[in-house]
Amino acid sequence: MKLTIIGTGYVGLVTGTCFAEVGHHVICVDNDAAKVKLLQSGGIPIYEPGLEELVKKNVAAGRLSFTNSTAEGVKKSDVIFIAVPTPPQPDGSVDLSFIERVARDIAGAMTEYKIVVDKSTVPVKTGEKVSETIKRYCKAQVDFDVVSNPEFLREGFAVGDLMKPDRVVIGVRSQRPVAAMKEVYTPFNAPIIITDINSAELIKHAANSFLALKISYINAISILCEAAGANVEQVAHGIGLDERIGRRFLNAGIGFGGSCFPKDLSAFIKISEQVGYEFKLLKEVQRINSEQMERFVKKITDTLWVLKDKKIGVLGLAFKQNTDDVRMSPAIDLCQRLQKEGASLRVHDPKAMDKAKSVLSNVTYVDDMNDVAEDCDAIVIATEWDEFKKLDLDRAKKLLSHPIMFDGRNLFDRAEMEKRGWVYKSVGR
Ligand code: NAD
């Protein structure tokens with residue numbers, strides 16, 4: 001099929017590439033001229049495992065191309081996907097100006113029937129607004145359908161998630177676009193749920209809020225574990241083997257962040273408010289999450305006492321492992337809190353240092369994780385990168401003024417660390 005994706009970011013680029021990989025012809029549009037130029041010259045603006053090879057392969061096969069012209073994308077394709085940002089506003093509601101802009105651009109370029117698919121995460125009833133907007137700004141009086149097709153990929157595992165999705169949700173107002181949408185997704189061999197647009201939009205916010213709730217739940221359990229002398233990992237294992245619960249998203253730590261969970265949670269709370277329901281459960285999820293960070297910082301100050309003039313080595317800046325994304329990263333938040341207390345920082349991340357430089361200044365960026373502890377008073381683990389488990393602990397011990405580690409992601413075995421002479425503080429054990 002001929003497909004266009006408008007917005008070539010974490011979602012748009014991976015979606016477009018995976019669509020091309022299964023044989024569709026895909027045009028990725030972005031209004032960031034530098035990004036399009038980079039992609040056209042063979043560069044990749046984000047780190048996502050396996051993506052670069054797939055982009056190169058599909059560009060070479062002539063199935064994937066990049067442009068900054070929405071009009072070109074609309075003219076040359078039958079199905080137009082919208083994957084632009086839906087950032088939060090200060091009151092927690094969603095800024096829909098990017099979606100509106102694109103809807104108007106699509107309307108201005110349409111000369112024949114098109115299917116316009118919203119892939120961005122949007123509040124329920126946005127589909128109706130997109131539809132009204134296109135109708136209002138389309139001079140050509142052509143038919144079109146708006147479809148909701150929320151995206152569930154996880155950054156860091158996006159290619160795998162796109163190629164083998166758990167499910168594909170398609171929200172429609174009429175049956176007309178269903179066959180084409182099925183044709184887009186049939187190669188992925190996933191269960192396809194056809195529903196109405198409002199339900200599809202709600203499914204995305206309900207799913208992300210539930211996952212955030214699971215993280216806050218285990219973080220609350222971690223407080224109990226610390227108070228009672230239990231081990232949160234054992235508890236997570238014990239409850240997680242129950243198929244009704246599941247082990248995933250039950251890792252205690254410094255809380256969730258990233259460009260999705262915090263904003264989707266705030267948006268869902270706001271949407272509920274607008275329809276007359278106060279979603280107190282989700283407000284508690286938010287409260288537990290911010291308290292979890294405060295508790296971790298307190299653990300550090302309780303141990304190191306005064307942070308002014310102390311040097312701390314921080315491992316991890318990305319909001320989670322396998323990504324270079326630092327948007328709303330708890331690791332960056334933690335660094336800034338430590339700086340506020342007067343600590344100076346040496347920081348390392350396997351992939352996110354370049355992106356972190358725009359949001360975290362006055363720190364020393366260290367290329368090798370094994371050098372991060374140099375002249376430091378403690379090490380802090382802020383992101384759950386697997387490779388941090390291979391940290392040369394003996395070398396770190398020599399470089400530190402005293403072997404102290406605050407492990408915000410429970411990467412190391414507590415008994416083992418204590419046996420090796422570390423003052424080791426983790427979460428919920
Ligand atoms: P992003 O910021 O990485 O990418 C968005 C892209 O859209 C940018 O490259 C930007 O330049 C481009 N853009 C903005 N306005 C445009 C316009 N008028 N015309 C053309 N291009 C335009 O964002 P993202 O992380 O890919 O998220 C996109 C949407 O998908 C959001 O609604 C987000 O909530 C949702 N989502 C994200 C994830 C994720 O893990 N990142 C997962 C599922 C859903």
Side-chain angles (χ1 to χ4, degrees), residues 4-18 27-39 43-49 51 66-74 80-89 93-109 116-123 126-127 130 133 148-162 165-166 168-169 200-201 203-205 207-209 211-212 256-268 318-329 355 358:
T4 282
I5 320 276
I6 302 178
T8 310
Y10 283 89
V11 169
L13 180 58
V14 186
T15 307
T17 306
C18 292
I27 301 173
C28 283
V29 180
D30 207 284
N31 65 353
D32 178 339
K35 191 179 266 191
V36 171
K37 210 167 156 205
L38 178 73
L39 284 159
I44 305 287
I46 56 170
Y47 171 72
E48 193 57 51
L51 181 64
F66 306 98
T67 175
N68 41 32
S69 164
T70 298
E72 180 193 336
V74 172
I80 325 293
F81 289 81
I82 303 175
V84 293
T86 47
Q89 308 202 82
S93 63
V94 181
D95 174 359
L96 290 166
S97 59
F98 295 85
I99 300 278
E100 208 245 359
R101 177 73 262 157
V102 172
R104 290 172 62 168
D105 290 347
I106 293 172
V116 179
V117 185
D118 174 46
K119 204 165 237 321
S120 295
T121 303
V122 293
T126 299
V130 169
T133 305
S148 167
N149 171 219
E151 182 49 59
F152 301 98
L153 66 79
R154 296 162 300 164
E155 284 178 28
F157 304 91
V159 171
D161 287 348
L162 248 305
D166 289 341
V168 172
V169 174
E201 290 169 339
I203 285 170
K204 174 64 190 176
H205 272 125
N208 269 9
S209 298
L211 293 171
F256 57 78
S259 69
C260 290
F261 283 2
K263 102 168 153 71
D264 291 352
L265 205 54
S266 309
F268 208 29
F319 85 96
K320 62 175 186 174
Q321 68 166 330
N322 289 334
T323 180
D324 60 350
D325 196 351
V326 295
R327 292 177 289 181
M328 299 282 285
S329 168
K355 294 221 160 112
S358 59

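Atoms within each ligand, like the ligands themselves, are counted from 1 in listed order. Nothing here was measured: the structure is a model prediction, and the numbers come from that model.
- Two residues are said to be in side-chain contact when any heavy atoms from C-beta on lie closer than 4.5 Å; Leu96 and Pro123 meet this criterion.
- Atom CG of residue Asp118 and atom CD1 of residue Ile80 lie 13.5 Å apart, to the nearest 0.5 angstrom.
- Close approach of ligand 1 to Val102 (heavy-atom distance below 4.0 Å) involves ligand atoms 17 (C), 18 (N).
- Contact check for Leu38 versus Phe66: no side-chain heavy atoms found under the 4.5 Å cut-off.
- Set against the non-hydrogen atoms of Ile6, the atoms of ligand 1 under 4.0 Å away are 19 (N), 20 (C).
- Listed by number with element, the atoms of ligand 1 under 4.0 Å from a non-hydrogen atom of Cys260 are 37 (C), 38 (C), 39 (C), 40 (O), 42 (C).
- Residue Val74 forms a side-chain contact (heavy atoms from CB on, under 4.5 Å) with just one option from Ile27, Thr4, Ile106, and that option is Ile106.
- Those atoms of ligand 1 with a heavy atom of Lys204 less than 4.0 angstrom away are 43 (C).
- Polar contact with ligand 1: absent for Asp105 (N/O pair, distance under 3.5 Å).
- Considering backbone and side-chain N/O of Glu151, none are found under 3.5 Å from N/O of ligand 1.
- The backbone N or O of Val122 lies less than 3.5 Å from no partner atom in the side chain of Ser120, so there is not a single donor-acceptor pair.
- We find the CG-CD1 distance between Asp105 and Ile82 to be 10.0 Å, quoted to the nearest 0.5 Å.
- Taking atom 1 (P) of ligand 1 as the reference point, the nearest protein heavy-atom neighbour is Arg327 NH1, 3.7 Å.
- Side chain of Thr133 to backbone of Arg104: no donor-acceptor contact under 3.5 angstrom is found.
- Near Lys35, with a cut-off below 4.0 Å to any heavy atom, the atoms of ligand 1 are 8 (C), 9 (O).
- One finds the OH atom of Tyr10 at 15.0 Å from the CD atom of Glu151 (value rounded to the nearest 0.5 Å).
- Nearest protein heavy-atom neighbour of atom 8 (C) of ligand 1: Asp30 OD2, 3.4 Å.
- Residue contact check: Asp32 has heavy atoms under 4.0 Å from atoms 11 (O) of ligand 1.
- For atom 35 (C) of ligand 1, the nearest protein heavy atom (residue, atom name, distance) is Thr121 OG1, 3.5 Å.
- At the shortest separation from atom 39 (C) of ligand 1 among protein heavy atoms lies Glu155 OE2, 3.4 Å.
- Atom 30 (O) of ligand 1 has its nearest heavy-atom neighbour, among Val94, Val11, Leu13, Ile5, in Val11.
- Under the side-chain contact (heavy atoms from CB on, under 4.5 Å) criterion, Ala212 pairs with Phe256, Phe261, Leu265, Val285, sequence neighbours left out.
- Of the listed options Asn31, Ile106, Thr323, Asn31 places a heavy atom closest to atom 16 (C) of ligand 1.
- Summary of contacts: the protein heavy atom closest to atom 4 (O) of ligand 1 is Gly9 CA, 3.1 Å.
- Contacts between Ile46 and ligand 1, counted as non-hydrogen atom pairs separated by less than 4.0 Å, are absent for every part of the residue.
- The shortest N or O to N or O distance between Tyr10 and ligand 1 is under 3.5 Å.
- Judged purely by atom type and a 3.5 angstrom limit, Ser93 has no side-chain atom pairing as donor or acceptor with the backbone of Gln89.
- In terms of protein heavy-atom proximity, atom 29 (C) of ligand 1 is closest to Val84 O, 3.4 Å.
- Without hydrogens or angle criteria, Glu48 side chain to Ala158 main chain gives a donor-acceptor distance under 3.5 Å.
- For ligand 1, the atoms sitting less than 4.0 Å from at least one non-hydrogen atom of Phe98 are 14 (C), 15 (N), numbered in the order shown with element in parentheses.
- Of the listed residues (Pro150, Pro85, Gly7), the one carrying the non-hydrogen atom nearest atom 14 (C) of ligand 1 is Pro85.
- Looking only at side-chain heavy atoms (C-beta outward), Asp325 and Ser259 come within less than 4.5 Å of each other.
- For ligand 1 and Ala83, the ligand atoms under 4.0 Å from any heavy atom of the residue are 5 (C), 28 (C).
- Lys263 NZ, 3.9 Å is the protein heavy atom nearest to atom 33 (C) of ligand 1.
- Annotation: side-chain hydrogen bond (donor to acceptor under 3.5 Å, both in side chains) contacts of Thr86 (sequence neighbours excluded): Lys263.
- At under 3.5 Å, a nitrogen or oxygen of Thr86, whether backbone or side chain, sits near a nitrogen or oxygen of ligand 1.
- If you take SG on Cys18 and CG on Leu13, they are separated by 9.0 Å, rounding to the nearest 0.5 Å.
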